[in-house]
Amino acid sequence: MRRKIDNRSVILIILIATFTLLSYVFDQLVIRNEDKLRTQDIKYQNLFTERKSLESLSTQIMNYSNDIYMQSTDTLENRNIWLKQYMLLNNKDIKNKNFRENFIDGYDLSQFLKNQIIDYFKDCLQMSGLAELELSDMFAYYQRILPEFKNWYSDGTHYSNNYTNWKMVFNNNLSVFNTKDYDYYMKANENNSFDSFKLKNWFDLINFGNLVLKNIFDIQYKITDDNIIVLKKISEIEIQMNEILTEIKKTSAFKNYYILSSIFSQIVSLLILLILFRHLLLNIKSRK
Amino acid sequence: MRLLRFSLLINFFSNKKNFNKALKLINLGIFLSIFAASTAIISFYIEREINELEYELVEYRQSRLDASNTIMTFDGELRTIVRRTNQIATRLNSLWLLSSTKFGQKSFNIIDFYAPEIFTSRFEWEISNYETVKSDGMSLLTIFETFKDDTILDFYSVEDIEKNKIKEKINIAIETIKEFEKINIKDYEEIIFYTNEDDLINQIQQSKDYSLLEEGKIKEDFFKTYSVYYDLIDVLNQIMELMRNLEWSDGEFIKEKEQKIIDLSNKEKNIILLTFIFQFVIFVIIQLFEVSSVNQGQIKLLKKNRKKIL
């Protein structure tokens with residue numbers, strides 16, 4: 001004859017089933033949270049790398065700007081010195097006989113001074129050329145690794161081209177020059193033939209060099225605008241990183257709670273199972 | 001498969017010898033599972049506290065990292081300014097020597113040296129302001145002003161005496177900068193980038209007036225610029241000190257929180273051990289009661305049987 005199961009046993013069995021199910025649910029939640037954590041961690045690491053790259057770009061822009069200021073100041077200090085000496089030797093109004101006595105005999109002082117003026121001009125062109133190269137290299141690299149700055153440089157119209165747009169610099173300041181012919185000066189520079197130059201042309205050459213330097217300063221505003229974009233992006237990323245960090249912390253806390261809850265449910269289910277056994281055994285004994 | 005059937009198990013336990021053994025084992029199992037459940041509850045509670053601490057720890061670590069980055073940037077800026085100031089001072093000494101000769105006076109003057117320095121510094125200041133206004137909505141002077149605020153200084157744990165010193169330094173710097181900002185950059189732009197023959201002739205003919213050693217507006221503007229550098233070094237050093245304070249105090253907080261986490265973990269271990277001992281004692285007492293109740297039952301049964309025999 002089959003024994004009938006009592007109500008208490010049924011309740012205990014239902015409780016065991018409930019806690020076993022709960023344990024399963026909590027296990028599933030742990031797995032889900034683990035997935036969520038992994039995704040959030042990947043996002044966080046990506047943002048961290050992007051922030052580091054942007055910070056590096058911003059530091060490079062700052063260093064670049066500091067170099068520009070230092071180099072320009074040093075160059076600008078010497079802009080008139082050779083021209084003044086040349087005038088002291090050659091200008092009829094201020095020609096000073098004693099001035100030549102300051103220099104070593106047998107040396108072509110005029111030629112030396114002309115060479116110095118030419119070097120000053122060449123230095124200015126070189127500075128702007130290097131500035132373009134440095135800046136374009138910097139931005140071309142960063143637009144490759146930072147998706148936010150796609151087409152930042154590669155559309156071919158980037159302002160760094162303006163560093164070496166010497167014709168534009170010359171033509172925008174025509175009133176400054178005595179000989180208003182850009183090609184005249186550039187050809188002289190290319191062929192290194194300055195024999196036809198008169199005092200007014202030497203002035204033009206110095207002014208041309210000065211204006212190339214001024215152009216470098218003018219472009220600084222655009223570089224600063226780019227740096228502002230970078231800085232704003234960094235703050236955006238920092239906000240996002242903080243949000244993700246809070247999420248990670250929450251998810252991680254929940255994961256721990258779910259693990260503990262799952263363990264707790266298993267233990268309770270085991271405890272009830274043992275109570276059920278005990279109850280069944282005592283039932284058998286009482287029947288005997 | 002039949003052996004696995006529940007009824008077989010029940011039959012196995014129905015044997016009195018097996019029954020007692022099984023009851024003892026089940027009791028032991030119940031004791032262990034209650035212990036495990038209480039351990040889980042303790043861990044749950046302590047884990048919650050550790051989580052909160054870890055959350056705070058992440059914030060402090062982030063803040064410390066930010067402070068370290070700011071110190072690094074400030075340090076770089078500061079070094080650039082110091083290097084530049086030293087460079088100007090060294091160069092100025094050599095140029096003053098050159099200016100004291102007739103050759104030097106005619107070749108090199110205030111327009112050549114002071115003017116580019118003033119222009120570049122003024123330009124750099126304008127660009128920096130442009131950047132901070134556009135990115136933070138505040139000018140550099142406004143940023144300096146914020147460091148005079150007591151609540152900000154309290155945030156950096158500055159003592160009252162120190163607060164006054166900082167405010168004084170910032171006030172001096174602000175005054176110098178305001179004077180410096182009055183310099184018209186356009187005037188210098190004109191002087192530097194556009195050279196004409198008449199101006200140069202005038203500079204050579206009036207070389208004494210243009211000498212680096214002579215007093216005048218340009219020299220005055222140059223020394224305003226030079227003072228700005230000095231005051232900036234002072235203020236930036238002070239701000240860097242505040243950042244270092246913040247970095248240090250964050251480090252101390254981190255240590256404190258980490259110690260708390262270690263303490264909580266130790267506490268968890270001890271509580272679990274205590275719970276085990278406590279529950280084990282209760283279990284032993286209950287078992288003793290059960291054994292004695294079984295013995296009394298047996299004595300009663302023996303007495304009953306003896307009466308029947310007699």
Side-chain angles (χ1 to χ4, degrees), chain A residues 55 59 62 65-66 69-70 72-73 76-81 83-85 87-88 91 93-94 96 99 102 176 199-200 203 206-207 210-211 213-214 217 220-221 224-225 227-228 231-232 235 242 245 249 252-253 256-257 260-261 263-264 267-268 270-271 274-275 277-278 280-281 284-285 288, chain B residues 10 13-14 16 19 22-23 26-27 29-30 33-34 36-37 40-41 43-44 47-48 51-52 54-55 58-59 62 66 69 73 76-77 80 84 87 91 102-103 106-108 111-113 115-117 119-121 123-124 127 130-131 134-135 189 192-197 200-201 203-205:
Chain A
E55 277 173 354
T59 312
M62 262 166 62
S65 301
N66 282 336
Y69 297 136
M70 300 271 246
S72 308
T73 315
L76 281 169
E77 278 174 18
N78 298 322
R79 72 201 183 283
N80 291 336
I81 188 165
L83 197 57
K84 270 192 273 181
Q85 290 182 22
M87 283 167 77
L88 279 163
N91 187 291
D93 296 332
I94 51 167
N96 189 337
F99 192 73
N102 290 305
V176 175
L199 185 62
K200 59 176 186 168
F203 263 98
I206 289 286
N207 274 327
N210 290 346
L211 289 166
L213 284 184
K214 186 179 175 291
F217 277 97
Q220 276 301 115
Y221 277 99
T224 310
D225 279 333
N227 199 26
I228 290 165
L231 292 173
K232 281 189 175 168
S235 350
N242 282 338
L245 209 63
K249 205 61 228 156
S252 172
N256 286 344
Y257 293 147
L260 284 169
S261 306
I263 292 170
F264 187 74
I267 293 165
V268 172
L270 192 71
L271 177 69
L274 288 167
I275 293 170
F277 278 162
R278 196 174 192 275
L280 290 174
L281 281 179
I284 294 162
K285 194 190 168 193
K288 279 192 172 181
Chain B
I10 297 295
F13 286 133
S14 305
K16 199 179 177 184
F19 173 83
L23 203 63
I26 286 171
N27 283 347
I30 289 173
S33 50
I34 288 174
I41 291 167
S43 297
F44 200 92
E47 194 60 35
R48 206 185 63 191
N51 262 332
E52 275 166 20
E54 274 183 343
Y55 187 66
V58 170
E59 282 179 349
Q62 191 60 45
D66 288 344
N69 284 338
T73 317
E77 287 290 298
T80 311
R84 198 147 154 192
Q87 209 180 356
R91 218 161 136 61
K102 282 183 180 172
F103 168 76
K106 283 194 164 38
S107 312
F108 211 80
I111 308 279
D112 297 321
F113 180 70
E117 285 293 345
F119 171 80
T120 318
S121 308
F123 181 85
E124 208 176 333
I127 284 275
Y130 174 77
E131 189 178 296
K134 273 201 144 185
S135 53
E189 196 179 289
I192 293 165
F193 295 110
Y194 305 96
T195 305
N196 67 58
E197 199 174 346
L200 279 200
I201 292 172
Q203 282 176 34
I204 294 167
Q205 283 172 340

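Reckoned from all heavy atoms, side chains included, excluding hydrogens, waters and symmetry mates. Throughout, protein chains are lettered first and strands after them, A, B, ... in sequence-line order, and every chain is numbered starting at 1.
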Any [X] side-chain heavy atom under 4.5 Å of [Y] side chain:
X: A/Phe217; Y: B/Glu189; answer: no
X: B/Ser33; Y: A/Leu274; answer: yes
X: B/Tyr194; Y: A/Asn210; answer: no
X: A/Asn66; Y: B/Glu77; answer: yes

Self-check item: side chain to side chain contact (heavy atoms under 4.5 Å, CB included) assessment of B/Ser107 paired with A/Lys84
Solution: CA-CA 6 Å; B/Ser107 312; A/Lys84 270 192 273 181; 5.8 Å; no
Quiz item: Do A/Arg278 side-chain atoms and B/Ile26 backbone N/O form a donor-acceptor pair below 3.5 Å?
Solution: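 Between the backbone of B/Ile26 and the side chain of A/Arg278 there is no qualifying donor-acceptor contact (under 3.5 Å).
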Can you tell me how far apart [atom1] ([X]) and [atom2] ([Y]) are? Round to the nearest 0.5 Å.
X: A/Thr224; Y: B/Ile127; atom1: OG1; atom2: CD1; value: 3.5 Å
X: A/Ser252; Y: B/Tyr55; atom1: OG; atom2: OH; value: 12.0 Å
X: B/Ile34; Y: A/Leu270; atom1: CD1; atom2: CG; value: 11.5 Å

Quiz prompt | Worked verdict on B/Arg84 versus A/Thr73 for side chain to side chain contact (heavy atoms under 4.5 Å, CB included) | solution = CA-CA 11 Å; B/Arg84 198 147 154 192; A/Thr73 315; 4.2 Å; yes
Checking [X] against chain B: side chain, backbone, both or neither under 4.5 Å from a heavy atom?
X: A/Leu231; result: side chain
X: A/Ile275; result: both
X: A/Ser72; result: neither
X: A/Lys214; result: both

Quiz item: Which residues satisfy the ring pair (Phe, Tyr, Trp, His ring centres under 6.0 Å) test with A/Tyr257, sequence neighbours excluded?
Solution: B/Phe44
Quiz item: With sequence neighbours left out, what residues match B/Phe113 under ring pair (Phe, Tyr, Trp, His ring centres under 6.0 Å)?
Solution: B/Phe222
Using a 4.5 angstrom heavy-atom cutoff, name the option from [options] with the most pairs to chain A.
options: B/Ile111, B/Thr120, B/Asn196, B/Thr80; answer: B/Thr120
options: B/Glu117, B/Glu59, B/Glu52; answer: B/Glu117
options: B/Gly76, B/Ser121, B/Ala36; answer: B/Ala36

Quick one: closest heavy-atom pair of [X] and [Y], and the distance?
X: A/Leu260; Y: B/Ala40; result: CD2-O, 4.2 Å
X: A/Leu76; Y: B/Pro116; result: CB-CB, 3.9 Å
X: B/Phe108; Y: A/Ile81; result: CD1-CD1, 3.5 Å

Quiz item: What residue, out of A/Arg79, A/Met70, A/Met62, has the most heavy-atom pairs lying under 4.5 Å from chain B?
Solution: A/Arg79
Exercise. Among the options A/Val176, A/Asn256, A/Leu211, pick out the one with the most heavy-atom pairs lying under 4.5 Å from chain B.
Key: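 Highest number of heavy-atom pairs under 4.5 Å: A/Asn256.
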Quiz item: Any chance the side chains of B/Glu131 and A/Asn227 put a donor and an acceptor closer than 3.5 Å?
Solution: yes
Exercise. May I ask you to say whether A/Lys249 pairs ionically with B/Glu54, meaning some side-chain N is under 4.0 Å from a carboxylate O?
Key: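 Salt bridge present between A/Lys249 and B/Glu54.
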Self-check item: B/Ile192, part contacting chain A, at a heavy-atom distance under 4.5 Å
Solution: both
Quiz item: Side chain, backbone, both or neither: which part of B/Arg48 has a heavy atom under 4.5 Å from chain A?
Solution: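 Its backbone and side chain both get close to chain A.
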Quiz item: Can you check side chain to side chain contact (heavy atoms under 4.5 Å, CB included) on B/Glu197 and A/Met87, steps first, answer last?
Solution: CA-CA 9 Å; B/Glu197 199 174 346; A/Met87 283 167 77; 4.0 Å; yes
